[in-house]
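Everything on this sheet refers to the single structure shown next.
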Amino acid sequence: MAKLTHLEDATTYSFCRVQPVQNDHGPLGVAVLPHLHSHHLSYSTFDFVFLMKILRVLVVYSIYSIYFADAVKNGAKNGTDPNGYIVFCPCMGRFGNQIDQFLGVLSFAKSLDRTLVLPNFIEFNHPETKMIPFEVLFQVGTVAKYTRVVTMHEFTKKIIKAFCWNPRKAIYDTDAEPGCHAKEGNPFGPYWDQIGVSFVGDEYFGEIPGGFETSQMGSRKKWLEKFGPEEFPVLAFPSAPAAFPSKGKVWSIQKYLRWSSRITEQAKKYITNNLQKPFVAVHLRNDADWVRVCDHIDLEKNRPLFASEQCLGEGHHQGQLTMEMCIPNKQQIVDMIVEKVGSIGAKSVFVASDKDHMIDEINEALKPYEIEAHRQEVDDMYTSLAIMGRSDLFIGNCVSTFSHIVKRERDHTGQSPRPSAFFGVRSARRHIDL
């Protein structure tokens with residue numbers, strides 16, 4: 001991390017070249033990537049807290065430009081978008097973080113009137129890392145109602161060669177010659193290699209006011225002036241060109257993310273076979289890495305942490321972030337589940353978790369109601385998200401971006417918001433009232 005200062009040296013303009021990448025997996029395949037090693041970027045939630053600053057510097061100071069030789073000359077005549085494309089790697093954190101930033105990327109692409117190349121999402125499943133095409137998880141037609149999009153499979157058929165500028169020193173290899181290093185670390189390198197993209201340099205854009213926040217005065221105009229589609233048909237980013245955590249103004253874009261028919265049918269089937277309605281859905285975030293994230297709560301300055309603004313408002317103007325909101329103890333969890341079950345007369349409970357589902361403890365507490373809690377025998381996080389989105393009442397984790405996916409879906413899909421609650425939030429509001 002001390003080598004972060006090397007990024008500041010990337011100010012000279014000259015060309016460097018890289019050989020085209022050979023892709024043996026095929027654009028539609030789910031590529032199995034190498035396990036994260038200590039000398040590579042590691043994206044556990046704990047590491048993400050510390051790596052965020054590095055990634056933000058990469059995002060603020062680097063932009064990669066891919067050129068379509070035919071597209072520059074012929075534009076829409078050959079089926080390409082004359083306004084250009086945006087392609088990026090969703091390389092910051094797990095699925096919740098990737099979707100959180102994806103909403104901002106959709107807004108960014110729409111504001112620049114460019115077609116967005118729908119990403120492959122990155123799934124971390126020890127000891128393997130997989131890339132999942134967007135269309136496996138979501139409906140392309142629905143997101144296309146918001147802005148112009150193209151799948152990665154369609155896009156990669158058109159890539160011919162790649163150029164960019166500003167060679168810099170490598171972060172990890174101090175002996176390496178100055179270059180682009182867009183593929184340095186995992187998942188950066190495997191991500192771009194799998195889709196068959198290679199870089200030979202980068203382009204500085206740090207002086208654009210607001211960065212990716214194109215609503216700031218002068219920002220959109222500067223982007224269009226400096227990176228026009230004729231000279232830069234494709235803008236490729238090493239990480240998502242969007243703020244993290246996301247801001248409230250993009251949350252409603254979630255309504256354009258509809259689960260694929262496969263995931264929807266799996267969720268419906270599980271509910272029919274295992275749950276009686278009405279049912280309460282619960283997301284528990286309690287793995288060891290999450291404990292370390294919660295240690296970063298700033299009680300003095302009350303700063304937002306991950307998705308905490310979903311329950312405390314932007315800037316936490318509605319209250320104080322507490323440890324109970326981030327990692328409630330088992331008694332607090334059970335008490336809230338029992339309360340919410342009673343409040344809606346629930347007939348069953350569904351639990352999703354990254355580690356401990358607490359099924360035995362919850363069922364013991366639910367005996368007076370003569371109902372039971374359930375979990376998937378084989379956890380599938382996408383099906384779990386779809387099930388929780390369909391629940392009659394959802395209880396989530398205030399800080400978790402995974403919970404935030406469900407909350408946004410429930411708030412913005414349908415004619416009116418559906419009931420949601422968060423562990424520890426009620427206590428915070430009572431404290432404010434005092």
Side-chain angles (χ1 to χ4, degrees), residues 43 48 52 55-66 81 83-123 131-140 142-156 182 187-188 191-192 195 197 203 205 208 210-216 219-220 223-224 227 229 232-258 306-307 401 404-405 408-409 412:
Y43 283 93
F48 175 77
M52 195 156 50
L55 293 174
R56 281 177 174 170
V57 172
L58 287 173
V59 168
V60 170
Y61 289 99
S62 297
I63 184 173
Y64 298 90
S65 178
I66 303 173
D81 186 348
N83 290 332
Y85 296 81
I86 289 177
V87 61
F88 74 100
C89 174
C91 290
M92 291 179 70
R94 297 178 181 177
F95 187 66
N97 295 356
Q98 293 173 40
I99 293 296
D100 194 75
Q101 285 197 303
F102 179 66
L103 301 181
V105 178
L106 280 168
S107 177
F108 179 66
K110 185 180 180 71
S111 69
L112 296 186
D113 196 27
R114 286 175 174 264
T115 294
L116 177 64
V117 181
L118 296 171
N120 294 333
F121 291 108
I122 302 171
E123 182 179 300
M131 287 196 291
I132 313 297
F134 180 93
E135 59 270 28
V136 171
L137 303 181
F138 299 105
Q139 299 176 32
V140 175
T142 306
V143 74
K145 294 179 180 179
Y146 176 75
T147 192
R148 298 191 307 280
V149 296
V150 63
T151 64
M152 186 70 74
H153 175 55
E154 295 174 89
F155 177 74
T156 52
F188 297 99
Y191 183 88
W192 294 111
I195 63 175
V197 175
E203 181 75 8
F205 67 93
I208 295 180
F212 308 127
E213 185 52 70
T214 54
S215 62
Q216 183 171 323
S219 177
R220 182 177 182 275
W223 273 103
L224 296 176
F227 301 108
F232 297 90
V234 181
L235 303 183
F237 296 83
S239 192
F244 182 84
S246 62
K247 298 302 178 183
K249 62 184 178 182
V250 303
W251 294 351
S252 64
I253 300 175
Q254 184 76 40
K255 65 186 175 184
Y256 296 100
L257 293 184
R258 299 293 181 90
F306 284 55
T401 55
H404 201 189
I405 294 174
R408 289 191 303 260
E409 177 184 336
H412 301 290

Looking at [X] and [Y], what are the two nearest heavy atoms and their distance?
X	Y	answer
P238	C89	O-CB, 3.5 Å
S219	T214	OG-CA, 3.5 Å
D100	R408	OD1-NH1, 3.3 Å
G210	Q216	CA-OE1, 3.3 Å
Q101	A243	CG-O, 3.8 Å

If the test is side-chain contact (heavy atoms from CB on, under 4.5 Å), which one of I122, N120, L137 qualifies with I132?
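Only one option passes, and that is L137.
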
Do [X] and [Y] come close enough that some side-chain heavy atom pair is under 4.5 Å?
X	Y	value
L103	Q254	yes
R148	L116	no
P90	P119	yes
Y146	S107	yes
F88	L235	no
F102	F138	no
F108	P241	yes
V143	F134	yes

Mind running side-chain contact (heavy atoms from CB on, under 4.5 Å) on V105 and F212 for me, showing each step along the way?
CA-CA 9 Å; V105 178; F212 308 127; over 6 Å; no

Is the backbone of E154 close enough, under 3.5 Å, to the side chain of T151 for a donor and an acceptor to pair up by distance?
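Flag set: sc T151 to bb E154 pair under 3.5 Å.
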
Point-to-point distance, once rounded to the nearest 0.5 Å, from [atom1] of [X] to [atom2] of [Y]:
X	Y	atom1	atom2	result
T401	F95	OG1	CZ	10.0 Å
N83	D113	CG	CG	4.5 Å
L118	E135	CG	CD	7.5 Å
C91	N97	SG	CG	12.5 Å

Determine whether F155 and V234 satisfy the following criterion, side-chain contact (heavy atoms from CB on, under 4.5 Å), listing intermediate values before the conclusion.
CA-CA 11 Å; F155 177 74; V234 181; 3.8 Å; yes

Run the side-chain contact (heavy atoms from CB on, under 4.5 Å) test on D81 and R114 for me, step by step, so that the C-alpha distance in whole Å, both residues' side-chain angles and the decisive distance to 0.1 Å come before the verdict.
CA-CA 8 Å; D81 186 348; R114 286 175 174 264; 5.7 Å; no

One pair to check against side-chain hydrogen bond (donor to acceptor under 3.5 Å, both in side chains): T142 and K255. What are the steps and the verdict?
CA-CA 9 Å; T142 306; K255 65 186 175 184; over 6 Å; no

Tell me every residue that passes side-chain contact (heavy atoms from CB on, under 4.5 Å) with [X], counting only those two or more places apart in sequence or in another chain.
X	value
T147	L106, K110, V149
S252	H412
K145	Y256

Could you go through E409 and L257, starting from their C-alpha distance and side-chain angles, then the distance that decides it, and tell me whether this counts as side-chain contact (heavy atoms from CB on, under 4.5 Å)?
CA-CA 8 Å; E409 177 184 336; L257 293 184; over 6 Å; no

R220 and E213 ion-paired at < 4.0 Å
no

